[in-house]
Amino acid sequence: MGSARGDVGRVVSLVPSLTEAVAVTAPGLLVGATDWCTHPHGLEVARVGGTKNPDTARIAALAPDLVLANEEENRPADLDALRRAGLPVLVTEVRTLEQGFAELDRALVHGCGLPRPDWLDEARAVWREAEAAAPRGPARAVVPIWRRPWMVLGRDTFAGDVLARLGVVTVHAGHAERYPRVPLAELAEADADVVVLPDEPYRFTADDGPECFPQPAALVSGRHLTWYGPSLTEAPAVLGAALREALGPG
C-alpha cells in the first residue's frame, strides 16, 4: 500500500491491468477506469467507456493528474485528444514479461509517485522460480484468441512470452503478424502438442473451442495469461496447472 506524491492525486486508467495495479497499490488514487476494468472486484470509480472508445470529455471532466494508457489497447487519436485537453498521458508498451515489470515500475513509481509495491517484487520472485522449474524440452502450442474469424498469438506478444517462460512455445511465434488470422483447418493440422484457449478476449469454454482441435486443450485464465499487474503473482501457478493437466505426465 502507499500514497502518491503530492502532484499526482487523481489517476484515470484506460488499461485493465494498470487499473488493478493502481487500485491494489494505492486505494483511493484511482478516480476513473474503463468498462473493461473488472479487477479488483468491487472497484467503485467513474466509468469512462471502453478501451477503444473512451469518453474523452468525461475523462477531462474528472481532472486527473495522470492518465495511464497502453500502445496496443488504446487508440492514438483518443490519447491525442486527452493531451490536447491538457492531461498528462503515460503510455506503456508491454510485449514481454520483463517489459511488463519495467513498465509497472514506470507507471506506479515514476508516474504515480508511489513506493514500489511488495507485490511487484513478489511477482518477479515467483516468475524466477517458475522459469527455473520449466520443462527444458518445450511443448508446442496453438493459441487462439478469437474465433469467427480465428485469430491466434503470433510474434512479439506478452502472452507468448509468458507461455515460453513456462516451457510452451507458440507455433505461430515466427509469423509476420502479431495476431494473425489463420483458417481453422490450418490450425487443426498444425504441429502442436496442445491448444491453449484463454477466456478473454474471446471467452473460450469447455463447450466452445476444444471440439475444433485434435490436440488436447488447456483452458486458461485470460487475466493470468495477458494481464500485467498483481495477477502476475498467481499466474505461474494458475497457468502451469492448466498446462500440466492438458499435456499430462512427461
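Note: hydrogens, waters and symmetry copies are ignored here, and every other heavy atom, side chains too, is used.
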Trainee: Between R165 and D161, does any side-chain N to carboxylate O distance fall below 4.0 Å?
Mentor: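 Yes, this pair counts.
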Trainee: Measure the acute angle between the ring planes of F204 and W150, then classify it against the limits of 30° and 60° as parallel, tilted or perpendicular.
Mentor: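 Rings of F204 and W150: parallel, under 30°.
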Trainee: Would you sort out whether V11 and L18 count as a side-chain contact (heavy atoms from CB on, under 4.5 Å), showing the intermediate values?
Mentor: CA-CA 11 Å; V11 173; L18 296 177; over 6 Å; no
Trainee: Is there a donor-acceptor pair under 3.5 Å between the side chain of R58 and the backbone N or O of R47?
Mentor: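 Answer holds: yes.
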Trainee: For W127 and E122, does a side-chain donor sit closer than 3.5 Å to a side-chain acceptor?
Mentor: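 Per modelled atom types, W127 and E122 side chains form no pair under 3.5 Å.
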Trainee: Is L68 linked to L14 within one hydrophobic cluster, defined over Ile, Leu, Val, Met, Phe, Trp and Tyr using a side-chain heavy-atom separation of less than 4.5 Å?
Mentor: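 The answer is no; the residues belong to distinct hydrophobic clusters.
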Trainee: Without swapping roles, check the side chain of Q99 against the backbone of R95 for a donor-acceptor pair under 3.5 Å.
Mentor: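 Yes: the side chain of Q99 pairs with the backbone of R95.
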Trainee: Taking D105 for the side chain and A102 for the main chain, is one N or O donor matched with an acceptor at less than 3.5 Å?
Mentor: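 Checked: no pair found.
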Trainee: Side chains of T170 and V196: does their closest heavy-atom pair fall under 4.5 Å?
Mentor: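 No; the side chains remain at least 4.5 Å from each other.
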Trainee: Between E93 and N70, is there a side-chain heavy-atom distance shorter than 4.5 Å?
Mentor: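 Counting from C-beta outward, N70 and E93 never come under 4.5 Å.
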Trainee: Quick check for you: to the nearest 0.5 Å, what is the distance between E103 atom CD and L108 atom CG?
Mentor: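 Between atom CD of E103 and atom CG of L108 there are 11.0 Å.
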Trainee: Treating D65 as the side-chain partner and G9 as the backbone partner, does any N or O pair qualify as donor plus acceptor under 3.5 Å?
Mentor: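 A pair under 3.5 Å: yes.
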Trainee: Using side-chain contact (heavy atoms from CB on, under 4.5 Å) as the criterion, point out the one residue from I145, V238, D199, V162 that pairs with L225.
Mentor: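 The side-chain contact (heavy atoms from CB on, under 4.5 Å) with L225 is passed solely by V162 among I145, V238, D199, V162.
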Trainee: Just by distance, do the side chain of Q215 and the backbone of A141 share a donor-acceptor pair under 3.5 Å?
Mentor: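 Checked: no pair found.
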Trainee: Verify, without hydrogens or angle tests, whether R83 (side chain) and P88 (backbone) share a donor-acceptor contact under 3.5 angstrom.
Mentor: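 Not confirmed, R83 side chain does not pair with P88 backbone.
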Trainee: Quick one: does L219's side chain get under 4.5 Å of T205's, heavy atoms only?
Mentor: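 Sidechains of T205 and L219: no contact.
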Trainee: How about V15 and Y228: do any of their side-chain heavy atoms sit closer than 4.5 Å?
Mentor: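 Answer yes - side chains close enough.
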Trainee: Side chains of N74 and T51: do they bring a donor and an acceptor to under 3.5 Å?
Mentor: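 No, no side-chain donor-acceptor contact under 3.5 Å.
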Trainee: L197 versus P210: any side-chain heavy-atom pair under 4.5 Å?
Mentor: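 In contact.
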Trainee: Charged N to carboxylate O under 4.0 angstrom, R75 versus D78?
Mentor: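 D78 and R75: salt-bridged.
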Trainee: To the closest 0.5 Å, what do you measure between CD (E44) and CG (L30)?
Mentor: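 It is 12.5 Å, given to the nearest 0.5 Å.
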Trainee: Between V109 and P115, is any pair of side-chain heavy atoms under 4.5 Å apart?
Mentor: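 No, side chains not in contact.
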Trainee: Just by modelled atom types, is the V171 backbone N or O under 3.5 Å from a matching donor or acceptor in the R140 side chain?
Mentor: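 Judged by distance alone, no pair lies under 3.5 Å.
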Trainee: CG/D156 to OG1/T96 distance, rounded to the nearest 0.5 angstrom?
Mentor: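 D156 atom CG to T96 atom OG1 measures 8.5 Å (nearest 0.5 Å).
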Trainee: Flag the pair E72 and R178 as a salt bridge only when some basic side-chain nitrogen lies within less than 4.0 angstrom of an acidic carboxylate oxygen.
Mentor: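 So E72 pairs with R178 through a salt bridge.
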Trainee: Quick one, L232 and W119 - any side-chain contact, counting heavy atoms below 4.5 Å?
Mentor: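 No; the side chains remain at least 4.5 Å from each other.
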Trainee: Check for a donor-acceptor pair, side chain of D55 on one end and backbone N or O of V48 on the other, with a separation under 3.5 Å.
Mentor: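 Pair absent, no side-chain N/O of D55 close to backbone of V48.
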Trainee: Check the side chains of T19 and W36 for a donor-acceptor pair under 3.5 angstrom, ignoring hydrogens and angles.
Mentor: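 There is no such pair between these side chains.
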Trainee: Salt bridge between E98 and R124, side-chain N to carboxylate O under 4.0 Å?
Mentor: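 Yes, E98 and R124 are salt-bridged.
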Trainee: Taking the basic N atoms (NZ, or NE/NH1/NH2) and the acidic carboxylate oxygens, is any pair closer than 4.0 Å for E20 and R223?
Mentor: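 Between R223 and E20 there is a salt bridge, with a charged N closer than 4.0 Å to a carboxylate O.
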Trainee: Before giving the answer on side-chain contact (heavy atoms from CB on, under 4.5 Å), spell out for Y202 and M151 the whole-Å C-alpha distance, their side-chain angles and the decisive distance to 0.1 Å.
Mentor: CA-CA 10 Å; Y202 184 90; M151 298 175 68; over 6 Å; no
Trainee: Please round to the nearest 0.5 Å and tell me the distance separating atom CZ of R203 and atom CG of D208.
Mentor: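 The distance works out to 10.5 Å.
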Trainee: Can you check whether P117 reaches T25 side chain to side chain, under 4.5 Å on heavy atoms?
Mentor: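 Answer yes - side chains close enough.
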